Amino acid sequence: MDKPEHPSRRAFAAGAATTFMIIRPELVRGFAPAKLKAGLVGCGGRGTQAIIDLLTGDKNVEVTAMGDIFEDKMENSIKRIKNSAVADRLTVTPDKRFIGFDAYKKVIASDVDIVMLCTPPGYRPEHFEAAINAKKHVFCEKPFGTDPVGVRRFMAAAKKSEQMKLTVVSGAQRRFAEDYQETIKKIQNGAIGDIRALYAYWVGTPVVQQKARDPKWGDMTWQHRAWYSHVWICGDQVVEQHLHNIDVCNWLMNDHPEKVVASGGAIWRPRTEIYGNIYDHVSADFVYKNGVRMSSYCRQFPRTESYQPYQNVSELAVGTKGRSNCHDLGRGTGQDVRTKFKDPLQNPYVREHMALVASIRGTGPYINHAMAVAESTMTCIMARESAYSGLEITWDMIMNSKQDLQPKAFDYDLKMEVPPLPVPGEYKFV
């Protein structure tokens, strides 16, 4: 987005007096306190690293509140941050360490300026809505939901965040890598001609958080401990992980596809509780409104000492005058976004937080990626539902879907049956 103009403090005060309006300072970009306070919701590995990256990117930020449903996750997070180079700005007192399913509410209410939403994505719509209603700036890990009802809830809050000029930065960190930013801009300006086709790949290895279930864990506890294996809280690989690549294609096109046909399944994942009910591969063919097609493929096959499966995490744009991997026309070309950068301030995982803070302070462009990445999330869900059902799924169909995977009650010992692995012809799209 273009950087909006902002009045000086004197002009602002005069304008307020003239129109008899009182505008709260936190709703005016650039009126941030000298030291920003951040609160973390979701203290797993991703949330912990996000905090380290935030504090690495700006020395005038501190973390003052943390929340999770598991105390051991929080303790491990605190320990890791305390052993990092930014330990001095973790100032979370015991009374600002919140445990439980309502911990997110307490973090949001704890006098923070920035809310870091890093739980598994099944909770993202509810948590984001609460943060926006509390007028907080947000760092929001991707994806932005796991079902159409939830993502539409997120979209409604996204519109409100735009109206209030709140900053929302997503964990789709390619949007903050210099080589991607410059390449996408050049392609949009005609560097490779008119786009004719797009390709997106995340061909990697499995994500399995828990190798066994503790007998003391109830169903809901277990499904949270092994969240990547359960559709309601993870979204499946095509939503949780492959979003990175699909989001690049939507970003390049400045649009979302209008329909998709996909297929997939579980070839190697055993039908045991460790592996839940997600697929291990999905292939999808999308069509944008202008007729451009995007071919997408994701899979997670295990690697062993004797078996090294093919891997590929990339994007490709084909135009009438050439082709691009979407980051080869910019600075830092050839630097994998997941690689350790010699200069941490060039690392897109850090740069996204630098951009977050600059947007809040008014020292950089205003950023709100809530709606854009929500549309990419819905694009991925559209592909999943096509693969599960065997149907062609259109944007209108997914935007009107009644699918709501969120549990209606929350308790560590809550009984939760795991739905069967989706089978086309048996699985019902709603």
Side-chain angles (χ1 to χ4, degrees), residues 25-27 29-68 73-99 103-119 123-124 127-128 130-142 161 164-171 173 176 344-345 347-364 366-370:
E26 68 268 24
L27 299 186
R29 207 168 75 92
F31 279 66
K35 178 159 284 191
L36 292 168
K37 298 177 183 178
L40 174 63
V41 180
C43 301
R46 182 78 282 274
T48 303
Q49 187 59 52
I51 287 297
I52 293 173
D53 292 338
L54 171 68
L55 299 182
T56 299
D58 195 292
K59 298 185 182 303
N60 290 312
V61 181
E62 61 182 346
V63 177
T64 60
M66 298 173 72
D68 201 285
K73 292 287 187 182
M74 181 180 294
E75 293 304 319
N76 290 337
S77 180
I78 291 172
K79 181 178 179 181
R80 182 177 161 194
I81 299 170
K82 285 294 186 184
N83 288 328
S84 75
V86 296
D88 60 314
R89 282 177 288 126
L90 180 69
T91 60
V92 184
T93 55
D95 63 318
K96 295 297 176 65
R97 301 175 185 179
F98 307 111
I99 303 297
Y104 75 98
K105 296 179 181 179
K106 297 174 182 177
V107 171
I108 292 170
S110 64
D111 189 34
V112 295
D113 307 293
I114 305 168
V115 176
M116 311 281 285
L117 298 180
C118 300
T119 66
Y123 288 101
R124 201 78 73 241
H127 291 180
F128 180 70
I132 297 306
N133 285 342
K135 303 178 177 61
K136 305 295 183 180
H137 303 288
V138 178
F139 170 76
C140 201
E141 252 309 333
K142 41 51 66 181
S161 72
M164 293 191 290
K165 285 297 183 204
L166 294 172
T167 292
V168 181
V169 165
S170 81
Q173 83 288 332
F176 298 92
L345 299 186
N347 185 336
Y349 288 98
V350 175
R351 283 172 55 85
E352 62 188 1
H353 297 292
M354 294 168 63
L356 169 79
V357 173
S359 175
I360 294 170
R361 294 192 184 283
T363 57
Y366 172 61
I367 299 174
N368 191 319
H369 286 162

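For this chain, numbers begin at 1 and follow the sequence in order. These numbers were taken from a predicted model, which means no experiment stands behind them.
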Salt bridge (Lys or Arg N to Asp or Glu O under 4.0 Å) partners of Asp111, counting only residues at least two apart: Lys37

Under 3.5 Å: donor-acceptor pair, side chain of Tyr104, backbone of Leu40: no

Heavy-atom check, side chain of Lys142 versus side chain of Gln173, under 4.5 Å: no

Backbone N/O of Cys140 and side chain of Arg124: donor-acceptor pair under 3.5 Å: no

Least distance between heavy atoms, Ala34 atom then Asn60 atom: O-CB, 3.6 Å

Short side-chain donor-acceptor distance under 3.5 Å, Gln49 and Arg80: yes

Heavy-atom donor-acceptor pair, Ser77 side chain to Met74 backbone, under 3.5 Å: no

Any donor-acceptor N/O pair, Ser359 side chain to Ile367 backbone, under 3.5 Å: yes

Non-hydrogen atoms of Ala370 and Val168 that approach each other most closely: CB-CG1, 3.8 Å

Donor-acceptor pair, side chain of Arg351 and main chain of Phe176, under 3.5 angstrom: yes

Working for side chain to side chain contact (heavy atoms under 4.5 Å, CB included), residues Lys96 and Thr64: CA-CA 7 Å; Lys96 295 297 176 65; Thr64 60; 5.9 Å; no

N/O donor-acceptor pair under 3.5 Å between Asp68 side chain and Cys43 backbone: yes

Closest non-hydrogen atom pair between Arg89 and Asp58, with its separation: NH1-O, 2.8 Å

Expected output: side-chain His137 to main-chain Thr167 donor-acceptor under 3.5 Å: yes

For the student: nearest non-hydrogen atoms of Val138 and Phe128, plus distance: CG1-CD1, 4.0 Å

Any donor-acceptor pair under 3.5 Å from Lys165 side chain to Tyr366 backbone: no

Residues Tyr123, Val41; criterion side chain to side chain contact (heavy atoms under 4.5 Å, CB included); working and verdict: CA-CA 10 Å; Tyr123 288 101; Val41 180; over 6 Å; no

